[in-house]
Amino acid sequence: MGDMPLDADGAELASWADQFPKPADRFFNRELSWLKFNERVLEEAANTAHPLLERLRFLAISGSNLDEFYMVRVAGLKSQVEAGINALSADGRTPTQQLDDINEATQSLLANQQRCWEALRQEMAREDIQVLRPEDVTEADKAWLEEYFLQQLFPVVTPLAIDPAHPFPFIPNLGFSLVLELRRTSDRMALSALLPLPPKVSRFVRLPGDPIRFVSLESLLTLFLDRLFPGYEVISHGAFRVIRDSDIEVEEEAEDLVRVFETLLKRRRRGNVIRLKVQAPMPANLKRIVIRELEVDDRDVVEVPGILGINDLSQLIVDDRPELVFKPYRPRSPERVRDHGGDCFAAIRAKDIVVHHPYESFDIVLNFLQQAAQDPDVIAIKQTLYRAGKQSTIIRALQDAAEAGKAVTAVVELKARFDEEQNIKWARDLERSGVQVVYGFIELKTHAKLSMVIRREAAGLRTYMHFGTGNYHPITAKVYTDLSYFTVSPKLAHETSQVIETREAAHVAKWVVPSSRTSSRYGL
């Protein structure tokens with residue numbers, strides 16, 4: 001390139017490459033960008049234009065989002081660091097640098113969550129919805145809570161000693177526990193103990209009467225520690241909560257995807273602790289015990305000067321204060337289907353239909369598949385399933401169709417994050433009903449939302465199709481903004497058939513795995 005020109009001071013000018021923006025200037029970091037998104041969710045909790053309990057809901061969502069972020073995204077970065085991987089992200093950061101930046105950004109987010117909760121707590125109190133601290137509980141309240149404790153909690157809580165004869169127990173992902181320092185009254189002998197909070201019990205207990213009053217589960221238990229540890233006095237105690245690595249990685253050579261996922265789901269429950277939240281001020285000696293027993297790095301310990309488990313605050317959204325939540329929205333039904341007497345097929349034949357959820361009802365999608373299951377002229381249904389929910393009308397419709405003798409194929413995506421176990425259950429239920437279940441590629445995620453209904457008509461076979469941007473999930477369809485498109489286009493029918501049916505031999509040999517029940521069936 002020849003000699004570089006010199007400036008007035010004789011300093012060499014920047015090289016040609018340096019004249020272009022650096023990666024950090026051209027790209028947003030994926031993880032930090034996600035944290036910015038969650039900050040915007042939290043900002044909705046401070047939006048006074050929203051009803052009070054809806055603001056509380058946004059706060060809880062921001063907590064749930066952050067938990068999942070650490071369980072998956074941060075867990076993946078920590079795995080890279082432990083494996084010695086120093087590959088740069090698109091914006092030029094190493095995994096270690098990303099973790100440092102994430103932790104710094106998260107500190108601000110956590111502080112804002114606690115400030116938001118305190119502000120909402122005061123506003124809720126003014127609306128006669130109170131969350132009581134132990135010192136706020138009256139004697140009359142304590143009598144009622146004691147009865148509740150003896151009947152509902154005492155049978156399910158398990159106090160545990162921590163000593164050489166009683167090793168520290170396993171604390172599950174998102175597990176919440178109290179750690180205590182005790183002293184035996186008979187000989188003043190010191191003892192450390194653990195009190196895991198039962199996971200299937202509500203985090204907040206509502207007291208009877210008006211105003212609406214709640215006591216947190218951890219506060220309730222501290223009122224009756226003498227019942228749990230008779231013969232001991234409590235010197236100090238503190239609460240902590242763990243977040244474990246919940247990322248799932250499927251190896252390329254897996255031979256049975258369902259069994260692999262079942263194994264990985266069991267392993268997920270015992271993933272390494274990547275985040276330990278302790279309620280400040282936890283005594284230093286108890287904090288050291290928890291850190292040592294859980295084998296947590298000091299950098300992964302966070303002291304929270306407030307409530308742990310922000311996501312549980314959604315339990316405070318009561319049904320008997322409708323003025324403090326959004327007014328229920330009644331979606332409209334597409335007129336064209338009503339004009340055809342509720343016959344989805346006739347309406348779609350007349351003209352393609354676009355439906356905007358949640359403003360227009362998701363019932364048209366449910367009705368489309370239910371009508372297909374019941375129609376004797378329908379000979380086949382083909383469907384992709386990503387998330388369908390726990391109580392799924394869609395699954396029931398596919399089962400009914402198969403039991404009625406129709407050829408039903410379901411492409412079930414097992415890699416739906418945190419819905420893997422539910423999807424395995426659906427897959428097995430569908431197979432028992434006679435549905436042909438196939439699974440996706442190992443390295444690709446089947447995220448398409450497709451339904452094909454093949455119907456015998458006077459002019460021959462006709463294919464009715466539904467394409468959706470959302471999931472076949474009737475609950476989220478009432479909340480998320482999505483589009484549905486219904487058509488009988490022969491061109492789109494051909495392309496959709498290729499998406500669902502085409503099996504390239506190379507992909508079958510390398511990427512596609514057999515079902516757990518029929519080795520000759522292959523996934524999309």
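The model shown is predicted, which means the values in this text are computed figures rather than measured ones.
- No donor-acceptor pair closer than 3.5 Å links the side chain of Asp312 to the backbone N or O of Arg203.
- Between atom CD of residue Gln315 and atom OG of residue Ser216 there is a gap of 11.0 Å, rounded to the nearest 0.5 Å.
- Note on ring orientation: taking the six-membered ring where Trp is involved, the planes of His357 and Phe362 are perpendicular (angle over 60°, cut-offs 30° and 60°).
- Looking at heavy atoms from C-beta onward, Gln436 lies out of side-chain contact with Val408 at the 4.5 angstrom threshold.
- The CG atom of Asn367 sits 9.5 Å away from the CD atom of Gln374 when rounded to the nearest 0.5 Å.
- Nearest heavy-atom pair, Ala404 versus Ala373, reported as atom, atom and distance to 0.1 Å: CB-O, 4.3 Å.
- The existence of a salt bridge linking Asp377 and Arg455 is confirmed by a sub-4.0 Å separation between a basic side-chain nitrogen and an acidic carboxylate oxygen.
- Counting heavy atoms from C-beta on, the side chains of Ile61 and Leu59 never come closer than 4.5 Å.
- Between the CZ atom of Arg30 and the CG atom of Leu77 there is a distance of 9.5 Å, given to the nearest 0.5 Å.
- The existence of a salt bridge linking Glu44 and Arg57 is excluded, since no basic side-chain nitrogen approaches an acidic carboxylate oxygen closer than 4.0 Å.
- Counting heavy atoms from C-beta outward, His466 and Ser484 have side chains that approach closer than 4.5 Å.
- Ser202 places no side-chain N or O within 3.5 Å of a backbone atom of Val205 that could act as its donor or acceptor partner.
- Between Ile307 and Leu313 the shortest side-chain heavy-atom distance falls below 4.5 Å.
- Residues Tyr472 and Ser451 have side chains that bring a donor and an acceptor to within less than 3.5 angstrom of each other.
- Counting heavy atoms from C-beta on, the side chains of Leu207 and Leu132 come closer than 4.5 Å.
- Side chain of Asp375 to main chain of Gln371: no donor-acceptor pair is present (N/O by atom type, distance under 3.5 Å, no hydrogens or angles).
- Without hydrogens or angle criteria, Arg338 side chain to Ser333 main chain gives a donor-acceptor distance under 3.5 Å.
- Contact check for Leu430 versus Gln399: side-chain heavy atoms found under the 4.5 Å cut-off.
- Summarising the local packing, CZ of Arg330 is surrounded by 12 or fewer heavy atoms from other residues, nucleotides or ligands at distances under 6.0 Å.
- Between the side chain of Ser361 and the main chain of Pro358, no donor-acceptor pair closer than 3.5 Å is present.
- Proximity of Met71 to Arg275: side-chain heavy atoms (C-beta onward) are nowhere separated by under 4.5 Å.
- A donor-acceptor contact closer than 3.5 angstrom links the side chains of Asn65 and Asn38.
- Side-chain N or O atoms of Arg244 include one that pairs as donor or acceptor with a backbone N or O of Ile171 at under 3.5 Å.
- Side-chain N/O atoms of Gln113 and Ser62 include a donor and acceptor closer than 3.5 Å.
- Between Tyr464 and Phe486, the gap from one ring centroid to the other reaches at least 6.0 Å.
- Applying the ring pair (Phe, Tyr, Trp, His ring centres under 6.0 Å) test to every pair with at least one member in residues 46-66, sequence neighbours left out, gives these pairs: His50-Phe58, His50-Phe326.
- When each of Asp67, Val302, Val304 is tested with Arg241 by the rule side chain to side chain contact (heavy atoms under 4.5 Å, CB included), just one qualifies, namely Asp67.
- Tyr70 and Thr106 share a donor-acceptor pair across their side chains, judged by distance under 3.5 Å alone.
- The CD atom of Glu127 sits 5.0 Å away from atom CG of Leu324, with the distance rounded to the nearest 0.5 Å.
- Between the side chains of Thr469 and Asp482, at least one donor N or O sits under 3.5 Å from an acceptor N or O.
- Salt bridge status for Arg93 with Glu31: absent, with no side-chain N to carboxylate O gap under 4.0 Å.
- The salt bridge (charged side-chain N to carboxylate O under 4.0 Å, His left out) test applied to Asp352 returns no partner, not counting sequence neighbours.
- Remark: the Ser433 side chain and the Glu403 side chain contain an N/O donor-acceptor pair separated by less than 3.5 Å.
- Around CZ of Arg206, the count of heavy atoms belonging to other residues, nucleotides or ligands within 6.0 Å exceeds 12.
- In this structure a side-chain-to-backbone donor-acceptor pair under 3.5 Å is missing from Asn471 to His473.
- Ring geometry for His356 against Tyr359 counts as perpendicular: the plane angle is over 60°, on a 0 to 90° scale with 30° as the lower cut.
- Here the CD1-CG distance, from Ile129 to Leu52, works out to 6.5 Å after rounding to the nearest 0.5 Å.
- Looking at heavy atoms from C-beta onward, Glu43 lies in side-chain contact with Arg40 at the 4.5 angstrom threshold.
- In this structure, the separation between CD on Gln130 and CZ on Arg121 is 9.5 Å, given to the nearest 0.5 Å.
- Residues Asp128 and Arg213 are not paired through a salt bridge, judged by the lack of any N-O separation under 4.0 Å between the basic side chain and the carboxylate.
- Between the side chain of Lys406 and the main chain of Val378, a donor-acceptor pair closer than 3.5 Å is present.
- A donor-acceptor pair is defined here as one N or O able to donate and one able to accept, closer than 3.5 Å; no such pair exists between the side chain of His340 and the backbone of Gly342.
- The ring pair (Phe, Tyr, Trp, His ring centres under 6.0 Å) search around Phe467 returns none, not counting sequence neighbours.
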